[in-house]
Amino acid sequence: MALKSLLLSLLTVPALAAPQLGGGVLPIPLSCPTPSNIKFNDTKLPNPFAFDTGAPVRTIADWACRREQISSLIQGYEAGTLPPKPAHVSATFTKNGTQAVLNITAGTNTKRISFAPTITFPNTTAPKGGFPLVIAYGGPSIPIPDGVAVMNYDNSGMAEQNDQSSRGVGLFFDLYGQNATASSMTAWVWGVSRIIDALESTRNVNINTQKIAVTGCSRNGKGALMAGAFEDRIALTIPQESGSGGDTCWRLSKFEQDSGSVVQEAVEIVQENVWFSTNFDNYVHNISLLPYDHHLLAAMVAPRPMISYENTDFVWLSPLSGFGCMTAAHTVWEALGVEERHGFVQVGGHEHCAFPSNLTDGLFAFFDKFLLGKQADTNIFTTNDVFNGTTWVPQDWITWKTPKLGLL
Ligand code: MCU
């Protein structure tokens with residue numbers, strides 16, 4: 001590279017880029033150490049606004065670095081390593097009426113895998129820039145407004161999730177090897193990233209890659225949250241009834257369990273499936289050693305928009321933990337001056353993964369504002385407080401004061 005272009009590329013490192021909403025990244029400071037393991041021990045929720053060293057997070061640039069630290073810690077303790085974009089990603093796109101297939105091939109020069117998510121397009125003329133898209137893990141179980149394309153992502157084909165025997169099974173592991181540390185959920189994130197690579201680089205697809213949402217329910221809701229957290233080209237994250245390992249916190253679920261509710265705890269979930277790396281087994285009996293909890297996984301989505309849904313009819317989903325954990329995460333959107341971009345809704349009275357019709361207006365407000373370019377009120381943060389005899393006492397868990405990091 002010529003010296004001049006080298007200097008120019010150094011001058012345009014992300015540190016100088018303006019933060020954007022969707023399709024953009026926060027400016028990461030040049031010096032930002034990101035160990036994947038640190039000395040830590042706290043029964044309360046870890047402070048989003050303290051670096052690994054304990055130093056305070058004061059600015060938006062500080063948050064960008066803190067987010068990188070959280071990403072590294074979550075990969076180190078529970079998610080395994082998320083590989084970067086491989087050398088080869090290509091796709092072909094075929095469309096018949098409203099139905100299309102994006103056939104993606106990804107890998108190295110010697111080893112490649114292929115997968116083919118389907119897209120259902122609206123039967124209308126595309127807006128300038130293409131249609132917004134929802135990537136639905138295993139197909140959608142929320143209503144989708146008119147004008148939004150829907151992709152059916154077979155995440156279980158990318159990485160199986162039947163039981164313990166699914167460890168290392170699926171397309172991702174065909175490429176990276178059975179001993180890759182990535183959990184199934186991490187493998188799914190990798191797949192989402194390759195889908196977006198393919199959408200960005202394939203002609204005539206007519207999807208607006210600045211307007212991509214991700215959703216999934218239950219185990220796939222845990223996965224949808226992971227995708228929103230780790231892939232910052234996702235513009236809107238909608239986990240539905242993700243429960244333990246999703247929008248709940250390990251520490252709060254333990255508290256619920258210790259208080260007499262039968263919820264899914266870390267110790268149980270690692271026995272059930274391969275949603276976490278094998279390294280997480282070493283911490284499930286000592287979760288106070290985790291220098292993060294899932295409020296920080298959710299906070300990785302900030303400042304991008306997210307709304308999560310929970311169902312109090314199923315104690316297993318850890319209702320207090322969901323509300324408490326998202327209340328703690330919310331402080332990060334507040335600190336960034338964009339609290340209306342983070343919603344939470346927790347009700348009962350419906351089957352698992354059935355979406356109550358009286359919640360559609362609120363969900364569509366998020367679609368309208370963040371995918372369809374319309375005005376809408378997205379200040380939605382509610383619970384029915386059905387916590388089975390346990391009580392959410394914020395000051396028992398949230399020890400930090402929420403700073404003002406500056407307005408985005
Ligand atoms: C809420 O997600 C999971 C839960 O973690 C599991 O314990 C249970 O077996 O399955 C739920 C699910 O994915 O239901 C479809």
Side-chain angles (χ1 to χ4, degrees), residues 74 78-79 135-142 152-167 169-170 183-189 214-229 237-257 261-278 280-281 283-284 287 293-295 297-298 306-326 344-356 359 383 386-388:
I74 292 178
E78 73 168 46
I135 300 176
Y137 277 50
S141 47
I142 54 168
N152 193 328
Y153 173 40
D154 175 21
N155 54 301
S156 301
M158 184 56 69
E160 225 179 60
Q161 54 166 339
N162 296 333
D163 52 33
Q164 291 281 11
S165 71
S166 299
R167 178 71 64 195
V169 182
S183 69
S184 60
M185 295 214 282
T186 303
W188 304 338
V189 176
V214 64
T215 189
C217 189
S218 206
R219 57 194 60 202
N220 291 340
K222 308 181 206 304
L225 174 56
M226 284 282 288
T237 303
I238 314 172
Q240 182 188 12
E241 301 184 34
S242 58
S244 284
D247 69 351
T248 62
C249 282
W250 300 122
R251 287 167 173 83
L252 298 174
S253 298
K254 180 176 181 340
F255 166 72
E256 272 184 294
Q257 178 83 14
S261 292
V262 179
V263 305
Q264 187 167 35
E265 271 197 280
V267 284
E268 196 282 342
I269 206 167
V270 297
Q271 308 281 339
E272 181 186 333
N273 218 304
V274 292
W275 296 313
F276 305 95
S277 67
T278 53
F280 192 47
D281 296 356
Y283 296 94
V284 293
I287 55 177
D293 210 317
H294 275 212
H295 62 311
L297 174 68
M306 156 167 166
I307 181 163
S308 65
Y309 290 86
E310 281 295 350
N311 185 344
T312 53
D313 282 6
F314 299 88
V315 179
W316 189 240
L317 298 176
S318 237
L320 174 138
S321 185
F323 179 66
C325 196
M326 290 305 97
F344 179 79
V345 179
Q346 186 171 46
V347 298
H350 63 281
E351 287 305 317
H352 185 42
C353 297
F355 192 88
L359 301 183
T383 177
V386 177
F387 297 155
N388 312 295

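All ligand and atom numbering here is 1-based and tracks the order in the structure.
- Atoms of ligand 1 lying under 4.0 Å from at least one heavy atom of Lys222, given by number and element, are 1 (C), 2 (O), 3 (C), 4 (C), 5 (O).
- For the 3.5 Å distance criterion, the side chains of Glu272 and Gln264 qualify, holding a donor opposite an acceptor.
- Under the ring-ring contact (aromatic ring centres under 6.0 Å, His included) criterion, Phe280 pairs with Trp250, Phe276, not counting sequence neighbours.
- In terms of the ring-ring contact (aromatic ring centres under 6.0 Å, His included) criterion, residue partners of Tyr309 (sequence neighbours excluded) are, by chain and number, Phe355.
- Residue Glu268 places every heavy atom at 4.0 Å or more from ligand 1.
- With no hydrogens or angles considered, a side-chain donor-acceptor pair links Ser318 and Ser253 at under 3.5 Å.
- Every atom of ligand 1 is numbered from 1 in the order shown, and the set under 4.0 Å from a heavy atom of Leu317 is 1 (C).
- The N/O atoms of Ser244, backbone and side chain alike, include none that comes under 3.5 Å of an N/O atom in ligand 1.
- Note: no N/O pair closer than 3.5 Å links Ser242 and ligand 1 by distance alone.
- A donor-acceptor contact shorter than 3.5 Å links the side chain of Thr248 to the backbone of Gly243.
- The protein non-hydrogen atom at the shortest distance from atom 10 (O) of ligand 1 is Arg219 NH2, 3.1 Å.
- Of all non-hydrogen atoms in Cys325 and Asp247, the two that sit nearest each other are CB-O, 3.5 Å.
- Side-chain contact annotation: His350 with Asn311, donor-acceptor N/O pair under 3.5 Å present.
- Exactly one residue among Gln161, Glu241, Gln240 makes a side chain to side chain donor-acceptor pair (under 3.5 Å) with Asn220. That residue is Gln161.
- With a 4.0 Å cut-off on non-hydrogen atoms, Asn220 does not touch ligand 1 at all.
- Counting heavy atoms closer than 4.0 Å to ligand 1, residue Cys217 contributes nothing at all.
- Under a 4.0 Å heavy-atom criterion, Trp316 is in contact with ligand 1.
- Shortest contact from atom 3 (C) of ligand 1 to any protein heavy atom: Ser218 OG, 3.4 Å.
- If you check which protein heavy atom lies closest to atom 7 (O) of ligand 1, you get Glu272 OE1, 2.6 Å.
- For atom 5 (O) of ligand 1, the nearest non-hydrogen atom of the protein is Gln264 OE1, 2.5 Å.
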